[in-house]
There are 2 protein chains.
Amino acid sequence: MASIKDVAAAAGVSVATVSRVLNDHPSVSDDARARVLAAVETLGYRPNAVARSLRTDQTHTLGLVISDVMNPYFTELARSVEEEARALGYSVIIGNADERPDLQDHHVRNLLDRRIDGLLVSPTDGGSPLMLDAVRAGTPMVFVDRWIPGVDVPVVRSDGQAAVRDLVAHLHGLGHRRLAIIAGPAATTTGRERVEAFRTALAAYGLGLPEAYVGQGDFQAESGRRVTEGFLDLPEPPEVVFAADNLMALGALDAVRARGLRVPDDIALAAFDDIPWFVHTDPPITAIAQPTGELGRAAVRALVDRIEGRPPESVTLPARLVVRRSCGESPARNRSQS
Amino acid sequence: MASIKDVAAAAGVSVATVSRVLNDHPSVSDDARARVLAAVETLGYRPNAVARSLRTDQTHTLGLVISDVMNPYFTELARSVEEEARALGYSVIIGNADERPDLQDHHVRNLLDRRIDGLLVSPTDGGSPLMLDAVRAGTPMVFVDRWIPGVDVPVVRSDGQAAVRDLVAHLHGLGHRRLAIIAGPAATTTGRERVEAFRTALAAYGLGLPEAYVGQGDFQAESGRRVTEGFLDLPEPPEVVFAADNLMALGALDAVRARGLRVPDDIALAAFDDIPWFVHTDPPITAIAQPTGELGRAAVRALVDRIEGRPPESVTLPARLVVRRSCGESPARNRSQS
DNA sequence: GTCGTCGATGTAAACGATTCCACGAGGAGG
DNA sequence: CCTCCTCGTGGAATCGTTTACATCGACGAC
């Protein structure tokens with residue numbers, strides 16, 4: 001592969017001059033510039049990003065460590081992150097932690113070794129020493145979706161409180177009184193917050209959230225199935241199951257179906273995180289939608305601000321309720337349809 | 001960040017010795033090794049992968065350029081690729097081409113500039129000069145899922161011929177005679193092959209595939225919707241729509257619903273590429289499933305073989321039909337259920 | 001006419017690793 | 001006792017860039 005030396009030789013100038021035209025430094029004659037450009041063209045020269053990074057100590061690369069690529073929410077997040085990063089002149093390397101702290105650490109270490117310029121992470125747990133050290137060492141970092149309390153890192157996330165309140169109002173209006181939740185891991189902020197928001201919203205209607213109605217999931221489909229089976233086995237099963245993410249909702253749907261029960265007739269179902277597929281499930285699932293794309297873009301902007309020396313901003317965007325049919329027909333719809 | 005020099009100083013040895021310890025070269029005394037290891041520990045030293053890559057001319061990184069991350073098929077592929085690569089000591093950088101040749105080129109160029117050790121690609125088009133040049137220049141490359149004919153690169157893919165035959169048999173058995181297909185872009189092998197397999201299978205039943213029953217899609221949901229609307233507007237609409245990928249099937253489902261029609265009663269639907277969500281759609285969708293995980297793993301193995309000097313192997317794995325309810329109830333099921 | 005400035009260029013030193021080569025000590029073999 | 005190997009080690013070159021510094025000619029101002 002042709003190097004800068006070859007170009008210099010072909011153009012009859014020094015490597016410094018070649019470098020200057022490539023980085024369009026002002027101080028180079030038109031003549032030299034033309035000869036260099038011609039040489040670059042004929043040799044098909046492309047600068048070696050590895051060497052360049054070594055010298056400049058910048059890779060123009062962002063790391064993104066997410067908890068689960070197979071979750072459409074994170075896929076969409078990853079996509080918007082890459083788009084915004086590309087627009088700002090950065091590449092992104094994605095690490096999939098699969099909700100496993102050890103894998104998360106593996107990726108963080110790998111990305112740090114590659115000297116990425118900054119790290120976007122949606123932490124799977126409370127933060128390993130490795131990650132905390134990286135923050136302390138000054139690695140530009142931004143948390144997205146989930147975060148770690150007490151760590152001084154900007155957070156870009158969405159606030160579901162209002163939407164959860166709307167959801168509970170919707171459920172209450174439909175006559176449901178026994179509401180259960182499939183929670184995410186307590187080690188994650190989203191895992192805890194969604195339960196709290198739910199509990200608070202219930203309280204506003206004088207409803208409680210008994211221990212038995214809080215199932216412990218791990219944001220994966222299988223746990224949704226397991227927890228839902230537990231709910232169904234209760235002497236007094238809930239009338240509604242609210243899954244704290246879309247995958248667990250899918251598992252819950254499976255469990256309900258496996259018993260030969262139907263949604264929403266026998267039990268209602270709602271989920272946090274809306275995805276395109278929810279329109280097409282049987283029945284379409286009522287969900288709380290995050291502004292995922294905007295979240296990804298804002299996270300990248302915050303990180304790049306931090307990297308380039310501008311003060312980064314934490315951002316919180318509201319989520320919103322999208323009503324479909326999985327919790328029962330609303331009176332208005334019923335009237336118009338039946 | 002501590003460099004190898006700092007470690008050498010702290011351990012009272014030369015950088016050469018530190019390097020030897022780190023790459024466990026045999027010729028280093030136990031004493032020196034212990035001191036170096038201790039210094040590494042206290043300094044929290046991690047070798048700079050950028051510098052190492054520059055010197056050794058290897059990045060231990062694979063590039064993966066896929067056509068669309070939001071497509072669950074490719075997401076799963078990406079995941080299995082990363083897993084296998086990790087097992088073999090490689091990282092992977094994913095580039096999302098979004099079915100756009102220009103974006104594909106952008107990512108290929110970017111990955112080449114970063115001097116990745118090898119490239120896995122699922123080409124969006126017939127191959128840009130850039131990609132062809134890279135092959136000619138000797139960049140280790142493997143095509144996965146889709147490929148470019150006439151280019152000497154190993155291909156890892158699945159063969160859907162038999163499964164398409166099974167599908168047509170299934171449809172024919174259900175009494176369907178007017179079968180239409182939403183094709184993928186003609187620039188892709190999968191786009192062309194699936195139509196041909198379908199046409200061949202139909203011929204075996206004495207059925208033809210009229211021009212009007214071949215809609216041109218682009219593997220994205222929106223095109224599925226558009227094409228299906230076209231089918232529905234025909235004086236004699238098809239009884240079955242076979243979508244050449246899962247996203248277009250989703251679009252087709254939308255279009256059918258938007259007309260107030262029902263699947264499978266008014267029109268049957270089948271798709272190439274099975275995904276977990278198809279179990280939960282209304283109705284569950286009959287699809288042709290590829291062994292996606294195995295495809296990803298085989299592709300990585302082939303690429304790594306090529307990189308490490310072993311002869312790489314092309315691999316073709318069979319796809320299989322998964323019958324669900326979107327094409328109508330099979331007689332057997334009907335009998336047992338009603 | 002001289003001096004200072006400025007623009008265009010080249011030389012060479014980094015960046016952080018790996019690795020070839022040389023060197024000295026110590027042991028084995030004659 | 002000398003020679004030759006082996007083993008552990010350090011020095012220094014190298015990978016492909018960027019960039020500080022030196023150089024040199026031309027030109028404008030006095």
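So you know, we letter chains A, B, ... as the sequences are listed, proteins then strands, and number each from 1. Values below: all heavy atoms of this structure, side chains included; hydrogens, waters and symmetry mates excluded.
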key: Distance test, side-chain N/O of B:Ser14 to OP1/OP2 of D:dG11, below 4.0 Å   = no
query = Considering only D:dG10, D:dT17, C:dA17, which nucleotide approaches the side chain of B:Ala16 most closely?
reply = D:dG10
inquiry  = Suppose we call a contact any N or O donor and acceptor under 3.5 Å apart; does that hold for the side chain of A:Arg20 and the base of C:dA8?
reply    = no
request  = May I have the distance from A:Ile4 (atom CD1) to C:dA12 (atom C1'), rounded to whole angstrom?
outcome  = 14 Å
note = Side-chain atoms of B:Thr17 come closest, of D:dT17, D:dG10, D:dC15, to D:dG10
query = What is the distance from CZ of B:Arg33 to P of D:dC7, rounded to the nearest Å?
reply = 14 Å
key: Interatomic distance where CG belongs to B:Leu22 and P belongs to D:dT9 [whole Å]   = 15 Å
ask   = Touch check for A:Thr56, heavy atoms < 4.0 angstrom, all strands: base, sugar-phosphate only, or nothing?
value = sugar-phosphate
task = Check whether any side-chain N or O of B:Ser29 sits under 4.0 Å from OP1 or OP2 of D:dT9, and answer yes or no.
result = yes
task = Map B:His25 and A:Arg55 onto DNA chain D by nearest heavy atom, then report which one ends up closer to the 5' terminus.
result = B:His25
task = Would you indicate what B:Ala49 reaches in the nucleic acid, counting non-hydrogen atoms under 4.0 angstrom: base, sugar-phosphate, or nothing?
result = nothing
query = Whole Å only: how far is the CD atom of A:Gln58 from the C1' atom of D:dT18?
reply = 11 Å
task = Determine: side-chain N/O of A:Asn48 to OP1/OP2 of D:dC15, distance under 4.0 Å, yes or no.
result = no
Over 12 foreign heavy atoms within 6.0 Å of CG, B:Asp57 = no
A:Thr17 side-chain N/O to A:Val13 backbone N/O, donor-acceptor pair under 3.5 Å = no
task = Would you kindly give the CG-to-C1' distance between A:Asp6 and D:dC15, to the nearest whole Å?
result = 13 Å
task = Flag the pair A:Arg46 and B:Asp113 as a salt bridge only when some basic side-chain nitrogen lies within less than 4.0 angstrom of an acidic carboxylate oxygen.
result = yes
query = OP1, OP2 of C:dG16 versus side-chain N and O of B:Arg52: anything below 4.0 Å?
reply = no
task = Please determine, by modelled atom types, if A:Asp125 and A:Gln104 share a side-chain donor-acceptor pair under 3.5 angstrom.
result = yes
request  = Hey, which sits more toward the 5' end of DNA chain D by its nearest nucleotide, B:Val15 or B:Pro26?
outcome  = B:Pro26
query = Just checking, any donor-acceptor pair under 3.5 angstrom between side chains of B:Arg146 and B:Ser67?
reply = yes
request  = Report which part of the nucleic acid B:Val13 touches: base, sugar-phosphate, or nothing (heavy-atom distance under 4.0 Å, all strands).
outcome  = sugar-phosphate
task = Mind checking A:Asp57 for me? I need base, sugar-phosphate or nothing, with any heavy atom below 4.0 Å counting as a touch.
result = nothing
task = Write down the distance between CG (B:Leu54) and P (D:dA13), rounded to a whole number of angstrom.
result = 17 Å
message = Determine whether a donor-acceptor pair (N or O, by modelled atom type, separation under 3.5 Å) exists between the side chain of A:Thr56 and the backbone of A:Arg52.
response = yes
request  = Could you check whether B:Ser27 gets within reach of a base, just the sugar-phosphate, or nothing at all, counting any heavy atom under 4.0 Å?
outcome  = base
Whole-Å distance separating the NZ atom of B:Lys5 from the P atom of D:dG11 = 13 Å
ask   = Starting at CG of B:Asp31 and ending at P of D:dG8, how long is that distance when rounded to a whole Å?
value = 12 Å
